[in-house]
Structures are given as C-alpha cells and as structure tokens.
Amino acid sequence: MRWLAIGSDPMYVQYFVKGIGGADFKMDDAFATVLHGLGIISNWWRATKTITPADVQTQLTDTGLDRHIHDYQAFGPQTPFISLACGCVERDVVLAHNRVHSAVDTALEFATDAGIRPGALYYGWVVVGQSPAVGIASISEAVRELNVYRRWSPFQPEGEVTAKVHVPANQISRVEWWDPRDLHAPQDVHSNTRFVDPGPLFNVRDLF
C-alpha cells in the first residue's frame with residue numbers, strides 16, 4: 001500500500017477498483033464506459049435516465065447509504081450510491097492477527113459472480129472526506145473506516161468507499177476484462193487516454 005502524507009487535510013484522493021458484471025454485460029460494453037466518456041453511473045441514474053441537481057439532493061441521505069450497504073438486495077436497483085473496493089484490514093483480537101482483504105480480489109469476485117461469468121474491473125480515483133458528508137455528491141464516503149463509520153457491519157471487510165451518482169470517465173485509468181476460465185490475468189485491457197492524474201491535487205491513498 002502506498003501512503004502519501006495525510007496530515008490534517010479534510011479530504012484525500014483514494015484509488016479504487018470497481019467490479020461490474022452481469023449476464024448481458026459484454027467486453028464492448030465495459031470498454032465503452034470510458035471510450036464514450038460515460039463513466040460509472042449509479043443504478044438510480046440508469047433507471048431514471050434523466051436526473052437534475054435537485055433530484056440528486058433528495059437521493060443522498062443517511063438512510064439511503066445505510067440501505068445501500070445493508071439492504072442492497074432490495075435497494076440496489078434504485079441506489080444512487082456506487083460501491084468501490086479499496087482494500088481493508090480486519091483485526092482478529094483473539095488470534096492477535098491482522099487479515100488483509102485485497103481490493104482486487106473483492107472486486108473480481110463481484111464482477112465474475114465468484115468465477116462463473118466474465119466481468120470487468122475499473123481502476124480509478126475519487127475524492128474522499130475524512131468525515132461523513134453524505135449530502136455532498138462530489139465527496140465519496142469512507143464507509144470502511146471504523147473511526148468514521150463506527151456502526152458494526154458484516155460488510156466492513158469488503159473495504160468499501162462509496163461514491164455517489166457518478167464516477168466521471170476521466171477519473172478511470174483503465175478497464176480490464178476478465179474471463180472466469182483464467183483468473184490469473186485479464187483477457188484484455190483498455191487504457192483510458194483521457195485519464196486525468198489526481199496527483200497534483202490532494203494527498204493520495206492507494207488501494208491494496
């Protein structure tokens with residue numbers, strides 16, 4: 001994991017990997033996300049098709065975020081939130097052992113439905129707040145951070161940072177297409193020539 005000085009800044013850049021798959025999801029669809037400049041959009045936007053800034057503000061609530069994390073089966077088709085894997089350390093007090101959960105492994109399991117279908121991994125970055133800011137669409141939530149989100153959650157080891165509504169295409173560096181017949185390496189990779197490196201803007205945390 002790469003750490004660049006965090007200091008006391010109220011925000012930082014977090015690199016992520018996002019797994020996307022589905023029965024009708026093809027490699028061309030995955031690469032078109034960045035080729036056509038669409039980026040990653042939430043299920044709510046996809047279902048609604050047309051949204052306004054006023055609509056966004058009504059969707060970004062604490063209750064909605066909690067349902068996105070803990071009631072995804074029911075809320076997922078309409079969620080304005082986007083789950084991003086960033087890695088997590090789970091502490092086992094009994095065994096005095098820290099277990100590292102890889103962001104790539106988490107995203108790949110979701111994208112391929114645990115290895116039964118092809119899927120895509122998206123690598124990119126978002127801006128994350130040091131404190132909860134659910135109503136601010138441009139700031140992602142560090143729901144994996146126990147010092148920020150203190151409620152116990154069975155999903156905390158997934159290492160999630162939660163984006164809102166949309167991750168712009170120019171924040172996605174590359175897209176990998178994975179075939180479950182060979183999960184040692186991606187079948188194909190599309191690098192985004194329009195990717196904007198965030199390095200000069202903020203402190204940066206890498207995924208692990």
Minimum side-chain heavy-atom gap [X]-[Y] below 4.5 Å:
X	Y	value
T106	V17	no
V196	Q171	no
V161	V143	no

What heavy-atom pair brings [X] and [Y] nearest, and what distance separates the two atoms?
X	Y	result
K164	E141	NZ-OE2, 2.7 Å
A120	A111	O-CB, 3.5 Å
D62	V134	OD1-CG2, 3.2 Å
V13	P198	CG1-CG, 3.7 Å
G64	F81	C-CE1, 3.5 Å
A163	S140	CA-OG, 3.4 Å

Straight-line distance of [X] [atom1] to [Y] [atom2], nearest 0.5 Å:
X	Y	atom1	atom2	value
N170	D197	CG	CG	11.5 Å
L84	I40	CG	CD1	6.5 Å
I139	L60	CD1	CG	12.0 Å
S191	E176	OG	CD	9.0 Å
H190	R174	NE2	CZ	12.5 Å

Linked, directly or transitively: [X] and [Y] (ILVMFWY side chains, under 4.5 Å):
X	Y	answer
L121	V189	no
F110	F16	no
F75	I41	no

Donor + acceptor pair across side chains of T52, D55 (<3.5 Å) =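 T52 vs D55: donor-acceptor pair found between side chains.
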ask   = With distance as the sole criterion, is a donor-acceptor pair present between the side chains of Y72 and T79 under 3.5 Å?
value =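 No, T79 and Y72 have no side-chain donor paired with an acceptor closer than 3.5 Å.
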Are the side chain of [X] and the backbone of [Y] linked by a donor-acceptor contact shorter than 3.5 Å?
X	Y	value
Q14	V127	no
K18	S83	yes
D29	K26	yes
Y122	A30	yes
T48	I51	no

message = Using the rule side-chain contact (heavy atoms from CB on, under 4.5 Å), only one of T63, N43, T162 pairs with H68; which is it?
response = T162
query = Using 30° and 60° as the class limits, which term best fits the ring planes of W45 and H166: parallel, tilted or perpendicular?
reply =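 Geometry flag for H166 against W45: perpendicular rings.
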Would the number of heavy atoms belonging to other residues, nucleotides or ligands and lying under 6.0 Å from [atom1] of [X] be above 12?
X	atom1	answer
Q78	CD	yes
R46	CZ	yes
F25	CZ	yes
I136	CD1	no

ask   = Under the side-chain contact (heavy atoms from CB on, under 4.5 Å) test, which residues partner Q59, sequence neighbours left out?
value =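 In terms of side-chain contact (heavy atoms from CB on, under 4.5 Å), with neighbours along the sequence ignored, Q59 is linked to W44, P80.
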request  = Go through the structure and list residues passing side-chain contact (heavy atoms from CB on, under 4.5 Å) with S173, not counting sequence neighbours.
outcome  =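 Result, side-chain contact (heavy atoms from CB on, under 4.5 Å) vs S173: Y123, F195.
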ask   = Is any NZ, NE, NH1 or NH2 atom of the basic residue among D179 and R181 found under 4.0 Å from an Asp or Glu carboxylate oxygen of the other?
value =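 Looking at D179 and R181, the cut-off is met.
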key: Residues forming a salt bridge (charged side-chain N to carboxylate O under 4.0 Å, His left out) with D113, sequence neighbours excluded   = none
